Amino acid sequence: MSETRRKLTTIFCADVQDYTRLMGADEEGTLAALKRCREAMGRLIESHGGRVVNTWGDGLIADFPSVVEAVRAAVDTQNELAGFNARRPEDGRMLFRIGINLGDVIVEDDDIYGDGVNIAARLQASASAGGIVISSTVYDQVRNKVAVGFEFLVPLMVKNVDEGVPSYAVKIGDAKDETPPPQRSGPAQPQPAAQIADASPLPGRRRLFAVLGVIAAVLIGINLLSWQGVFWARFPILALAVVAAFAWNRNQTLFNRKITSLAIVALGIAGINLFTWTGQFWAVWPILGIAAVMGLRWSMRR
């Protein structure tokens, strides 16, 4: 018999706007696009520590131990899919709606049930095409932790829930919280794909790369101007390169971040070995150990 238990988790629910129309116009092309979008979404969910619980038709449910990472995964998903849709004809774009709720759920095997899931599905249904809507329980946890803005929406009525669920539309690309007074009762404003696509690379990260580049250039200049036959600047420059790599990895969505962190450490060790070369490649042993850990993480991913 399957084991049934309860847990508090963050539920991420997504589906495609006008999926029936898209299938009617081009079944094979729509299925191929859906598969590609789901693969991208699954990779982003995994990179933020979540897991895909279930998929059906054009829908997807995932859960996350971290509320903040769930919202970041949703923002990254809409950003990446906006780029994908920008290359498609307007009437063939696959625009996902995403709803996120923090709630108590029933867990049976690998699936989840309960009001927490129903609320996430209702939030998703209220989102605009290419948009994200979160519950107030999620908003309370992320309002000062994620570089997006929020807009208060009318409380949503959910089956089996006596009171309306306060909700917020995530305003991607607007880091300032511009929540209007609760008495507002209008519908969620559309989130056009062009606006979503503007939310990319962070100015703070570009500034960090510029500062690290200037420091590296200054170190090289000092080393050359005080040259005594030793290029000592190679070690601090290697350290700066590692710092830059970790800064890039913090917000990238192309690869699993934990595995990429291990790869950066391995490259740093290899660099130290080469800069202190005495005829022996001793870095092969720690790199082999890191490769084994990376392989285990890869094989055990959900």
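Quantities reported herein were computed from a predicted structural model and do not represent experimental measurements.
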Please check: side-chain N/O of [X] versus main-chain N/O of [Y], any donor-acceptor pairing under 3.5 Å?
{"X": "Arg36", "Y": "Ala32", "result": "no"}
{"X": "Arg234", "Y": "Phe275", "result": "yes"}
{"X": "Asp140", "Y": "Ser135", "result": "no"}
{"X": "Asn223", "Y": "Ala233", "result": "yes"}

Please answer: with hydrophobic residues joined when any side-chain heavy atoms are less than 4.5 Å apart, are [X] and [Y] in the same cluster?
{"X": "Tyr113", "Y": "Leu123", "value": "no"}
{"X": "Ile11", "Y": "Val68", "value": "no"}
{"X": "Val214", "Y": "Val211", "value": "yes"}
{"X": "Phe246", "Y": "Leu267", "value": "no"}
{"X": "Val52", "Y": "Val75", "value": "yes"}

Apply salt bridge (Lys or Arg N to Asp or Glu O under 4.0 Å) to Lys7 and list each qualifying residue two or more places apart in sequence or on a separate chain.
Asp63
With Asp104, which residues qualify under salt bridge (Lys or Arg N to Asp or Glu O under 4.0 Å), at least two apart?
Arg6
Would a 4.5 Å heavy-atom cut-off, applied to side chains only, mark [X] and [Y] as touching?
{"X": "Phe281", "Y": "Ile287", "answer": "yes"}
{"X": "Val142", "Y": "Ile134", "answer": "yes"}
{"X": "Asn118", "Y": "Asp115", "answer": "yes"}
{"X": "Ile132", "Y": "Phe150", "answer": "no"}
{"X": "Asp15", "Y": "Trp56", "answer": "no"}
{"X": "Val71", "Y": "Phe64", "answer": "no"}
{"X": "Leu34", "Y": "Met94", "answer": "yes"}
{"X": "Met41", "Y": "Leu81", "answer": "yes"}

Can you give me the closest heavy-atom contact between [X] and [Y], atom names plus distance?
{"X": "Tyr168", "Y": "Leu153", "result": "C-CD1, 4.1 Å"}
{"X": "Trp232", "Y": "Leu219", "result": "CH2-O, 4.1 Å"}
{"X": "Ala70", "Y": "Phe12", "result": "O-CD1, 4.1 Å"}
{"X": "Ser126", "Y": "Val133", "result": "OG-CG1, 3.8 Å"}
{"X": "Asp91", "Y": "Arg21", "result": "O-NH1, 3.0 Å"}
{"X": "Phe96", "Y": "Cys37", "result": "CE1-CB, 3.7 Å"}

Rounded to the nearest 0.5 Å, how far does [atom2] of [Y] lie from [atom1] of [X]?
{"X": "Ile119", "Y": "Cys13", "atom1": "CD1", "atom2": "SG", "value": "12.0 Å"}
{"X": "Thr10", "Y": "Ile100", "atom1": "OG1", "atom2": "CD1", "value": "8.0 Å"}
{"X": "Arg93", "Y": "Leu22", "atom1": "CZ", "atom2": "CG", "value": "12.0 Å"}
{"X": "Leu102", "Y": "Thr9", "atom1": "CG", "atom2": "OG1", "value": "8.0 Å"}
{"X": "Arg51", "Y": "Ile112", "atom1": "CZ", "atom2": "CD1", "value": "6.5 Å"}
{"X": "Ile61", "Y": "Thr55", "atom1": "CD1", "atom2": "OG1", "value": "10.0 Å"}

Fellow cluster residues of Phe84, listed by chain then number, with links counted only when side-chain atoms sit under 4.5 Å apart:
none
Would you call Glu46 and Arg43 a salt bridge, using N to O less than 4.0 angstrom?
no
Go through it in stages, so that I can follow the logic: the residues are Asp76 and His48, the test is side-chain contact (heavy atoms from CB on, under 4.5 Å), and I'd like the CA-CA distance, side-chain angles, deciding distance and then a yes or no.
CA-CA 10 Å; Asp76 287 349; His48 285 278; 2.7 Å; yes
Applying side-chain contact (heavy atoms from CB on, under 4.5 Å), run through Ile290 and Ile269 and close with a yes or a no.
CA-CA 11 Å; Ile290 291 173; Ile269 293 173; 4.0 Å; yes
Got a sec: does the CH2 of Trp285 have more than 12 other heavy atoms crowding it under 6.0 Å?
no
